[in-house]
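In what follows, residues are counted from 1 in the order of the sequence shown.
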Amino acid sequence: MSEAEKTSKTSFFKSLKSEFKKCTWPKKEELAKQSALVIVVSVVLGVVIAGFDWIIRYGLTALGIS
C-alpha cells in the first residue's frame with residue numbers, strides 16, 4: 001500500500017468522524033415513539049392490503065373466474 005493510499009484512507013476516516021459529530025441523534029424516547037409508529041403503520045397497512053386481497057379474491061370467486 002502506498003503512502004498516498006494510507007493518507008487518503010486516514011483523511012477519509014477523519015472526515016467521516018467529523019461528519020458523524022455533526023449529526024443530531026434522536027433521544028431514546030423519540031426513537032421508541034418513532035419505532036412504535038412505524039410498526040403500527042406497517043400492521044395497519046398490512047391489514048388494509050389483506051382486506052383488499054380478500055375482497056378481490058371473494059369477488060373473483062363469486063364471478064366464477066377463479
message = For the CZ atom of Phe20 and the CZ atom of Phe13, what is their distance to the nearest 0.5 Å?
response = 11.0 Å
ask   = Can you list the residues that meet the side chain to side chain contact (heavy atoms under 4.5 Å, CB included) rule with Glu29, with sequence neighbours excluded?
value = Lys27
remark   = Rounding to 0.5 Å, atoms NZ (Lys28) and OG (Ser35) come to a distance of 13.0 Å
inquiry  = Please determine whether residues Leu16 and Trp25 belong to a single hydrophobic cluster, defined as Ile, Leu, Val, Met, Phe, Trp and Tyr linked transitively by side-chain heavy-atom distances below 4.5 Å.
reply    = yes
query = Taking only residues two or more places apart in sequence, or in another chain, which ones meet Phe52 in a ring-ring contact (aromatic ring centres under 6.0 Å, His included)?
reply = none
remark   = The side-chain contact (heavy atoms from CB on, under 4.5 Å) partner of Val41 among Ile39, Leu37, Val43, Val44 is Leu37
message = Under 4.5 Å side-chain heavy-atom separation, chaining through any Ile, Leu, Val, Met, Phe, Trp or Tyr, what else clusters with Val38? Say none if it is isolated.
response = none
ask   = Are Trp54 and Val47 co-members of a hydrophobic cluster defined by side-chain heavy atoms under 4.5 Å apart?
value = no
